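Right, one structure below, let's go through it.
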Amino acid sequence: MNDYKPSQIEPKWQRYWDEHKTFKTDDSDRSKPKYYVLDMFPYPSGSGLHVGHPEGYTATDIVARYKRMKGFNVLHPMGWDAFGLPAEQYAIKTGTHPRITTEKNIERFKTQLKSLGFAYDWDREINTTSPDYYRWTQWIFLQLYKKGLAYQADVPVNWCPELGTVLANEEVIDGKSEVGGFPVIRRPMRQWMLKITEYAERLLEDLEELDWSESIKLMQRNWIGKSVGANITFKVAGHEGEEIRVFTTRPDTLFGATYMVLAPEHELVAKITTDAKRAEMDAYVEQAARKSDLDRGELNKNKTGVFTGAYAVNPATGESVPVWVADYVLITYGTGAIMAVPGHDERDWEFAKKYGLEIREVVAGGDVSKAAHTQTEGSACVNSDNGEVSLNGLAVDEAKQRIIGWLEEKGLGEGAVTYKLRDWLFSRQRYWGEPFPIIHVDGQPKPLSEADLPLTLPDVERYEPSGTPESPLAGITDWVETTDPETGKPARRETNTMPQWAGSCWYYLRFIDPDYTQGPVSKEKEQYWMPVDLYVGGAEHAVLHLLYARFWHKVLYDLGVVSTKEPFYKLVNQGMILGEVEYTVYRAEYGRFLTQDDLKTYSGELTRIRLRQDQVTKNDAEGYELDPSRAAEPVTVMHPNGKKEEMSGYFSDADLKQAVPVEARSFKMSKSRGNVINPDEVVKQYGADALRLYEMFMGPLEQPKPWSMSGVEGVYRFLKRVWRLMIDEEGDGGLHPLVQDVAADRAQEKALHEAIKKVTDDIEGFRFNTGISALMIFVNEAMQWEQRPLGLMRDFLLLLSPYAPHLAEELWERLGFEASVAEQPWPEYDPAKLISDVKTYAVQVNGKVRGEITLPLSDAGDKEKVLALAKEEPGVAKYLKEAQIVKEVFVPMRIVNIVVKPA
RNA sequence: GCCGCUGUGGUGGAAUUGGUAGACACGUUGGACUUAAAAUCCAAUGGGCCUUAAAAGCCCGUACCGGUUCGAGUCCGGUCAGCGGUACCA
């Protein structure tokens, strides 16, 4: 017996690649063009590799192996984004040092990755928690600090008592922590902030030059949220010298600003509120302060506010307008105050209606008594003339220009741009993160000198949060208390640590030069390798990681550390792999089966009945139902109490009188659902090559797609066919007798060259699924041949090798070739060999295919000959008999279409 | 609500610039091999109609409605559904 045994050949070749350092990147060779392929930095979690990881990793591995064979100097590294909350929480629970947990998890991840045969240069492995690495993370922070891009501020932050830490806005989802779902409240704290807003415009502009999907670029643009408008100053009546600055995108509606609104946190609120209103205002402001973002969001539809009793002066009309306070105005955006134009803004309109404020039309075209008129196209301004400036009759865009000109002239305002993007909250109250290279002397922050880096994490005894928002580091007195090396004064170390994003913001640079000691990366190597040519990862990092990394990169660019404006030239986001499709019947308490629509409103107890795919049929209404003929077969019944039970004959005759609706869908893999596929199990049963191949064969890389175990079996069968194509299974495991060193015939060569073309084009275009299909087509054909020419088998293995490298290496060796298949040049296809002697045209009559004609290639471009032959084709001829030919369409090498009408 | 993406057989998907819709797989059915099973191989497989049967033929069909075109899965307008992002951003 000599059948295909991945469990034997895969470890063998993994060992070979390790020992021969097959995939070590040669840094000294500058003669070859470079190609930098990068996977998104994994967090080595305790649960090990998920099937989602190998999806992106296989894609990059295929590209890396292919580019190497194409003669590129390829950089394809892997490392660990290993700081983070889970290891710390585990430490709190068990007292295990996060370093130990992290090392263990990394070991496991690495073993798993190696078992999949990825062509990483493991000599470049990096780890964000290693002092050699975070030394440079700290160094970059110092540069940010020196450039004035890092500052401390007292900001209301998301304090999560349960986690004992402050979370970034993006780690809070619907008022709960992203990790664990614990409640989050707002409280002010001294925090480190990074001025990413200073780079907003460049982050926006430089998106243009990137080869990223439009949807990701759009998400980034929305996140940055650029708005163009004007800042306008309103004087406060009766408060000499007090002004309210507002930002508006609609300065053209200034004449319609009939009231103003301040955010509850606005500094003027206390100053201008009249005594009569003070008690009411204080209560409102306090209530708003206590609300989380969630509460504010929930009140979306029911706006509340309180009149300050004060009035401001509309600079255009000179009229007094009331100043309100309402929490629909956010202190964090623009100036924290707005001019309200209820006639032309939906929120303002709603608020004005509720509180009986004046609604004035200043842009014609709507009915402002019924709704805000927000449309700008084709609308002209009205009621907008104060004797000095008139907008009447102007289109919105012109009106904006005119009024801004007037405001600037009078010193009442100016054109302005605002971004939704906010500064980056950069500190965390955690132990397991990079310490800030900062000491506090006399209450002032002072950076350590670069020579003192790295500032290493001290060991602690206990990891519990102190119950205060401070990090566990605050409790380590002999680390926290230090002296200023310059002045000898007593100093305190910064006890916050950096967020997990820090280490992943620049790791792509460290891979280039992991042992460099004079900086994050040497200039010479950076210039050779950057930018990253291909970056693959999940879409969950679409905004934050990619925006933060781009920000740091631009700072480093300004410092001259890097030579490119952008870090990642091409980005591909893999789609999520979902669990196997589940076919479920839902049954209500009283026995009725529920449709999808019923489920939306039903709230009682549910029994769920899980069916197999072949027990289900599709009905006319595009839904699924139970196949009555299969109803007696075993099903899994999940009772409302959570009990699971296998039952045969679950459905009674009465149940089957009507169609039983079935829900067919696949869900995100999750432990609680029990639909998680463990890649180790797949490797054990089918091998790494099958797993790799299947993950690529499932469908387009960027699309989400459901897992299917029988799909894995399908590609496994293909690999076995490849094996049998070349190996004599019945005999002693030598070559298959049909594999012979003979010349290939024309048809065989054509089959190979078609495969070469398709596989090559598809790798270039990231269409791995159709590339595999081309490999299958070749094998299906080759299996029929009476001889299997060695040279063709050889070239086929080269095509297979990026996808199924272990099998390719093994067969390469058994065919008697030297060295590693990974070190061979990629085969080129010969266009001459793709051409066949004949051409087959489909012939249409009135756009419908009625026949086919085949003629020698030499005649295929001859319209006369083709049409003559087409008209003779019996299937076509019968439609021409009683008809009159109106038009003859001939597209060379594509189609013939004869248009007729009844005679 | 707003923005974006996606809708193709029983299933995953293919059709790269408008040119024979369903490649390649999975599943199913039938057959071969086998004491039997697994594995493997062969055949059929979008739906319907016609036909004793076969060969062949015809009609319908890419979420739905409409349009452009000799010709539309592909382009345009509208609708619906699913997924993702975002949410008082002035």
Side-chain angles (χ1 to χ4, degrees), chain A residues 3 213-216 218-219 221-223 225 227 229 246-250 253 261 293 296-297 299-301 303 326-330 332-341 345-348 350-351 418-422 539-540 542-543 575-576 578 581 596 613-614 616-618 622 624 627 664-665 694 697-700 702-715 717-718 720-721 724 729 761-762 765 767 769-770 772-777 780 783 840-852 875 878 886-891 893-900:
Chain A
D3 49 356
S213 75
E214 276 311 309
S215 69
I216 298 286
L218 195 70
M219 279 162 73
R221 283 190 193 108
N222 289 343
W223 195 265
S227 294
V246 301
F247 172 75
T248 178
T249 55
R250 293 293 305 278
T253 62
V261 186
D293 282 343
R296 280 202 184 190
L299 296 170
N300 201 335
K301 301 228 160 54
K303 297 195 189 332
D327 64 6
Y328 82 88
V329 172
L330 308 176
T332 47
Y333 183 76
T335 60
I338 62 162
M339 65 176 212
V341 185
D345 180 281
E346 277 168 31
R347 292 171 315 248
D348 297 345
E350 224 178 280
F351 192 80
T418 296
Y419 301 91
K420 220 153 61 171
L421 184 69
R422 297 176 204 173
E540 66 272 19
V543 177
M576 197 192 302
L578 306 169
V581 179
Q596 293 301 290
Q613 192 194 327
D614 52 16
V616 173
T617 69
K618 213 169 189 176
E622 305 276 305
Y624 295 84
D627 180 348
R665 56 176 288 204
Y694 174 65
F697 189 58
M698 289 171 89
E702 303 194 50
Q703 227 79 83
K705 43 214 170 263
W707 186 268
S708 153
M709 252 335 171
S710 41
V712 181
E713 255 173 89
V715 295
R717 285 207 278 261
F718 164 68
K720 285 198 289 186
R721 278 163 73 79
R724 284 199 310 275
E729 283 196 326
D761 291 352
D762 284 352
R767 292 179 300 265
N769 53 331
T770 50
I772 293 168
S773 142
L775 294 172
M776 289 172 166
I777 291 169
N780 289 348
M783 281 298 225
T840 299
Y841 278 101
V843 183
Q844 300 179 329
V845 179
N846 289 346
K848 284 194 169 130
V849 178
R850 299 299 183 184
E852 235 176 38
K878 70 181 182 192
V886 181
K887 191 173 177 181
E888 290 168 347
V889 179
F890 172 69
V891 185
M893 303 312 283
R894 287 215 182 258
I895 200 90
V896 178
N897 187 11
I898 300 168
V899 185
V900 300

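Since the structure is predicted, the reported quantities are computational estimates derived from the model, not experimental observations. The figures here come from the full heavy-atom set of this structure, side chains too, leaving out hydrogens, waters and symmetry mates. Sequence lines set the chain letters: A, B, ... in the order given, protein chains first and strands last, and positions in each chain run from 1.
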Mind checking [X] for me? I need base, sugar-phosphate or nothing, with any heavy atom below 4.0 Å counting as a touch.
X	result
T617(A)	nothing
G714(A)	sugar-phosphate
S708(A)	nothing
R221(A)	nothing
E852(A)	base

Can you give me the closest heavy-atom contact between [X] and [Y], atom names plus distance?
X	Y	result
Q703(A)	K705(A)	O-NZ, 2.6 Å
M339(A)	V246(A)	N-CG1, 3.5 Å
M219(A)	A542(A)	CE-CB, 3.6 Å
Y694(A)	S708(A)	OH-N, 3.0 Å
V261(A)	A340(A)	CG2-CB, 4.5 Å
K420(A)	W223(A)	CB-O, 3.9 Å

* Give the dot-bracket string for RNA chain B, reading 5' to 3', where a pair is Watson-Crick or G-U wobble with both distances under 3.5 Å, ( ) marks pairs inside the strand, [ ] marks pairs crossing earlier ones, | marks a partner on another strand, and . marks unpaired. => (((((((..(((......[....)))((((((.......))))))((((.......))))..(((((..]....))))))))))))....

What is the separation between atom [atom1] on [X] and atom [atom2] on [N], rounded to the nearest whole Å?
X	N	atom1	atom2	value
I216(A)	G85(B)	CD1	P	11 Å
E214(A)	U6(B)	CD	C1'	17 Å
D627(A)	U28(B)	CG	P	14 Å
R250(A)	A90(B)	CZ	C1'	11 Å
F718(A)	U40(B)	CZ	P	14 Å
D345(A)	C88(B)	CG	P	13 Å
W223(A)	G4(B)	CH2	P	18 Å
M219(A)	C83(B)	CE	P	17 Å

* Contact check, side chains of Y328(A) and I338(A), non-hydrogen atoms, under 4.5 Å ->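 A side-chain contact exists here, since the closest heavy-atom pair is under 4.5 Å.
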
* To do: From the options A90(B), G4(B), G27(B), select the nucleotide whose nearest atom is closest to the side chain of S215(A).
  =>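 Out of A90(B), G4(B), G27(B), the nucleotide with an atom closest to S215(A)'s side chain is G4(B).
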
* Ignoring the backbone of R665(A), work out which of G27(B), C83(B), C58(B) is nearest its side chain. =>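 Selected nucleotide: C83(B).
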
* **Side-chain donor/acceptor of N897(A) to backbone N/O of G847(A), under 3.5 Å** =>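 The answer is yes, because a donor-acceptor pair under 3.5 Å joins these two groups.
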
* Backbone N/O of D614(A) and side chain of D627(A): donor-acceptor pair under 3.5 Å ->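 Checked: no pair found.
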
* Step-by-step side chain to side chain contact (heavy atoms under 4.5 Å, CB included) determination, R721(A) to N780(A) -> CA-CA 9 Å; R721(A) 278 163 73 79; N780(A) 289 348; 2.6 Å; yes

* Hey, does the side chain of R721(A) come within less than 4.0 Å of C41(B)'s phosphate (OP1/OP2), counting only N and O? ->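 The answer is yes; a side-chain N or O of R721(A) sits under 4.0 Å from OP1 or OP2.
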
* Asked: Can a side chain N or O of R724(A) be found less than 4.0 Å away from OP1 or OP2 on A39(B)?
  ->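 R724(A) to A39(B) OP1/OP2: no side-chain N or O under 4.0 Å.
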
* Residue mapping more 5' on RNA chain B - nearest nucleotide basis, N222(A) or T248(A) ->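 So the residue in question is N222(A).
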
* To do: Select from D348(A) and V543(A) the residue whose nearest nucleotide in RNA chain B is closer to the 5' end of that strand.
  =>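 Upstream on the strand: V543(A).
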
* Structure fact -> 5' to 3', nucleotides 11-17 of chain B under a 4.0 Å protein heavy-atom cut-off (B base, S sugar-phosphate only, - none) gives SBSS-BB

* Asked: In the 5'-to-3' direction, what one-character label does each nucleotide of nucleotides 61-72 of chain B receive under the scheme B = base within less than 4.0 Å of a protein heavy atom, S = sugar-phosphate only, - = no such atom?
  -> ---------BS-

* G9(B): syn or anti, with syn meaning chi within 90° of zero? ->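 Base orientation relative to the sugar is syn.
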
* **Exceeds 12 heavy-atom contacts within 6.0 angstrom, atom CD of E540(A)** =>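 Atom CD in E540(A) is packed in, count exceeds 12.
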
* Supply the atom-to-atom distance F890(A) CZ to Y841(A) OH, rounded to the nearest 0.5 angstrom. =>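 Here the interatomic distance stands at 3.5 Å.
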
* Only one of K720(A), E729(A), R724(A) clears side chain to side chain contact (heavy atoms under 4.5 Å, CB included) with D3(A); which? ->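 With D3(A) as partner, K720(A), E729(A), R724(A) yield a single side chain to side chain contact (heavy atoms under 4.5 Å, CB included), made by E729(A).
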
* When rounded to the nearest Å, what value does the distance between C1' atoms of C83(B) and A90(B) take? ->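 So the two C1' atoms sit 31 Å from each other.
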
* Quote, to the nearest angstrom, the P distance that separates C65(B) from G85(B). =>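 Result for the P pair: 32 Å, nearest Å.
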
